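All heavy atoms count here, side chains included; hydrogens, waters and symmetry mates do not. Numbers restart at 1 for each chain; the letters A, B, ... are given by sequence-line order, proteins then strands. The structure displayed is predicted, hence computed values, not measured ones.
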2 protein chains.
Amino acid sequence: MSTLAQGKADLERASTAQKVADMLRERVLDGDLAPGLRLSEEAIGGALGVSRNTLREAFRLLTRDRLLVHEHSRGVFVRRPSGTDVRDLYAARRVIECGSLRLWDDVAEAQREAVRAPVRQAVARAEQNDWTRAGQANIQFHRGIVGLAGSSRLSDESDRLFAELMLAFRVAQEINDFYQTYVPWNRRIVELLDDGRTTQAVDQLAEYFDAAEQDLVARLEAHQSKGNVKS
Amino acid sequence: MSTLAQGKADLERASTAQKVADMLRERVLDGDLAPGLRLSEEAIGGALGVSRNTLREAFRLLTRDRLLVHEHSRGVFVRRPSGTDVRDLYAARRVIECGSLRLWDDVAEAQREAVRAPVRQAVARAEQNDWTRAGQANIQFHRGIVGLAGSSRLSDESDRLFAELMLAFRVAQEINDFYQTYVPWNRRIVELLDDGRTTQAVDQLAEYFDAAEQDLVARLEAHQSKGNVKS
DNA sequence: ATCGTAGAATCGTTCAACAATCCAACGATC
DNA sequence: GATCGTTGGATTGTTGAACGATTCTACGAT
């Protein structure tokens, strides 16, 4: 069954535009393509050996995922979240994740474990000072929370929000040290959940968002005046 | 200020692909293009006088809005929501709208009025047996609820969910008579809110979703076997 | 009746070209 | 000297044709 699903996934991985989009997505999330950077059709199309039309299709796919922004007749740019964007992002996350977490007691055990496991992993990574992987585990934690709702549409949208937030982290230059503060917080949330104190856990999550938003916005607006955009 | 924003909106309305997408969106939501219908690039491109590449860009835009689905090497189709899709959709709405409504007491009065007004309008339309406009007002009610969260990303995503739900209504053939049952329900929710009983209002909204989902899924799966897809 | 195969139809992608738009440098005017 | 047109050059927007790849349909073989 799993081999069949795997085979089907491979078969669907056909489109050139899709492959180009995947490659560019990785480059953007890794920071090789900095926020604010303009992506020239000619330069990138030439470098990747695909035609302009195909590249434009790839751009549309990434625009849908909010990694790129399209400005008419000006080109596409790597998204550069502003303070306003971050506030909008966290307002959405508060509703989605707090609402999902409230379902904790009603869902299957496997879904709950998908919340606990990433926190254990994040703690372990943090002890090894591996903040990159700790950050990835942190995202898995939040993905697990949204997964409690059992809606693939909601999970997909959350993934887009997370990706956008990654860009904001990059602009604020706090990729590595950001999670240091919040890993223990997540652990406490899971403890509350396992204690049956779901409401308090939700409150903690809301507070986490308040603190994270405030922190990120502050750092972002400190950096936003500097025109750190590579050409 | 508003005139400036208006002028800017007009200026941004430049792209051909965007205009084609807007036209097609209207045709899909009006039901001229039935769910399940395949949209031939050649036929539509020829009819609208745009090239295939431009049309494909328009398709991508509508795919992002979930009105169309793209199947590799097979073409694009008007989305035809299944029972599974509807359950997913309502799972998302439950989290988003119930979570937003919980913010009722914390938001500005203007935002609350954006929830009340559509209900008054829906009641008035319903009394005139104008179910089409009553349905539109009903959507505005739910848009107002999501607006309480103050996140444009969340509102945009909700609009996409609503659009998808409209397609489900069309498949279930209950465009007109569906709201008849639920308009009074919405009115009761607003009454509870104005009484300061926010928690009960949220519970009512959740029940509304349960009932609507069950109703819609039942009618959908009754119709799904019939291959009512025009070619 | 099922299966496989050939042919038609359609999509995926590329290429070349031109119009429309934006941008940066230059120069004119006050 | 600063602001405001103007002029090219570069880039995007859009088109049309072309061809390989994939899917669909219908026909015929077993």
Side-chain angles (χ1 to χ4, degrees), chain A residues 4 7-25 28 33-34 36-64 67-80 227 229-231, chain B residues 4 7-25 28 33-34 36-64 67-80 227 229-231:
Chain A
L4 281 174
K8 185 187 176 195
D10 286 345
L11 284 180
E12 286 176 353
R13 173 169 296 280
S15 157
T16 304
Q18 188 69 49
K19 281 185 282 190
V20 172
D22 288 345
M23 169 178 300
L24 288 176
R25 172 181 292 113
V28 169
L33 301 172
L37 179 65
R38 176 169 150 271
L39 269 43
S40 160
E41 293 183 354
E42 191 176 6
I44 296 188
L48 271 57
V50 298
S51 87
R52 277 182 63 208
N53 284 320
T54 300
L55 184 60
R56 286 165 68 89
E57 286 212 1
F59 283 168
R60 297 283 162 150
L61 291 174
L62 292 171
T63 299
R64 170 174 60 173
L67 289 177
L68 305 182
V69 293
H70 185 117
E71 300 187 18
H72 190 269
S73 289
R74 296 199 7 137
V76 298
F77 302 79
V78 179
R79 179 165 223 123
R80 193 151 191 262
V229 179
K230 288 183 285 188
S231 67
Chain B
L4 282 174
K8 185 189 175 195
D10 286 345
L11 284 181
E12 286 177 352
R13 173 168 296 282
S15 156
T16 303
Q18 187 70 50
K19 282 186 281 190
V20 171
D22 288 345
M23 169 178 300
L24 289 175
R25 173 182 292 112
V28 168
L33 301 172
L37 179 64
R38 176 171 147 271
L39 269 44
S40 161
E41 294 183 354
E42 191 176 7
I44 296 188
L48 270 56
V50 298
S51 88
R52 274 181 65 209
N53 284 319
T54 300
L55 184 61
R56 284 166 69 89
E57 287 212 1
F59 283 168
R60 296 282 172 168
L61 292 174
L62 292 171
T63 300
R64 169 174 61 175
L67 290 177
L68 305 182
V69 292
H70 185 115
E71 299 186 19
H72 190 269
S73 288
R74 297 200 16 158
V76 297
F77 302 79
V78 179
R79 179 164 223 125
R80 191 152 191 263
V229 179
K230 288 182 286 189
S231 69

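Side-chain contact between B:Leu62 and B:Val28 is absent, with no heavy atoms from C-beta onward closer than 4.5 Å. Proximity of B:Val69 to B:Val76: side-chain heavy atoms (C-beta onward) are nowhere separated by under 4.5 Å. Side-chain contact between A:Arg79 and A:Leu67 is absent, with no heavy atoms from C-beta onward closer than 4.5 Å.
As rounded to whole Å, 14 Å separates atom P of D:dT11 from atom CG of A:Leu55. For A:Leu61 and C:dG12, the CG to P distance is 12 Å, given to the nearest whole Å. Note: CG (B:Leu48) to C1' (D:dT15) measures 15 Å, nearest angstrom. In this structure, B:Glu57 places its CD atom 15 Å from C1' of C:dG12, rounding to the nearest Å. Rounded to a whole Å, the CD atom of A:Glu71 is 12 Å from the P atom of D:dT12. Atom C1' of nucleotide D:dT23 and atom NE2 of B:His72 are separated by 12 Å, given to the nearest angstrom. Put simply, CZ on B:Arg56 is 17 Å from P on D:dG13, counting in whole angstrom units.
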Please write out the pairs of protein N or O atoms and N or O atoms of nucleotides 6-10 of chain C separated by less than 3.5 Å, giving the distance to one decimal.
unit_1: C:dT10; atom_1: O3'; unit_2: B:Arg38; atom_2: NH2; d: 2.5

Under 3.5 Å between N/O atoms: give me all the protein pairs with nucleotides 6-9 of chain D, atom names plus distance.
none

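Residues satisfying the side-chain hydrogen bond (donor to acceptor under 3.5 Å, both in side chains) test with B:Arg25, not counting sequence neighbours, are B:Asp22, B:Asp65. Looking at residues two or more places apart in sequence or on another chain, you find a side-chain hydrogen bond (donor to acceptor under 3.5 Å, both in side chains) between A:Arg74 and A:Glu71. The side-chain hydrogen bond (donor to acceptor under 3.5 Å, both in side chains) search around B:Arg52 returns B:Glu41, not counting sequence neighbours.
Contact annotation for B:Gly49: backbone-only contact, meaning every heavy-atom pair under 4.0 Å involves sugar-phosphate atoms and none involves a base.
Separation of atoms CG (A:Leu55) and OG1 (A:Thr16) is listed at 11.5 Å; rounding is to 0.5 Å.
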Next item on the list: Determine, step by step, whether B:Thr63 and A:Arg64 satisfy the side-chain contact (heavy atoms from CB on, under 4.5 Å) criterion, reporting the C-alpha distance in whole Å, the side-chain angles of both residues, the deciding distance to 0.1 Å, and the verdict.
Entry: CA-CA 9 Å; B:Thr63 300; A:Arg64 170 174 60 173; 3.9 Å; yes
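A sub-4.0 Å separation between OP1 or OP2 of D:dT15 and a side-chain N or O of B:Thr54 is present. The side chain of B:Thr16 contributes an N or O atom lying less than 4.0 Å from OP1 or OP2 of D:dT14.
Checked against C:dC15, C:dG12, D:dG13, the side chain of B:Asn53 finds its nearest nucleotide in C:dC15. Comparing C:dT14, D:dT14, C:dC11 by their nearest atom to the side chain of B:Ser15 picks out D:dT14.
Residues A:Arg52 and B:His70 each lie close to DNA chain C; by heavy-atom proximity, the contact nearer the 5' end of the strand is made by B:His70.
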Donor-acceptor contacts, no H, no angles, side chain residues 44-51 of chain B, under 3.5 Å, sequence neighbours left out:
unit_1: B:Ser51; atom_1: OG; unit_2: B:Asn53; atom_2: N; d: 3.4
unit_1: B:Ser51; atom_1: OG; unit_2: B:Thr54; atom_2: N; d: 3.4

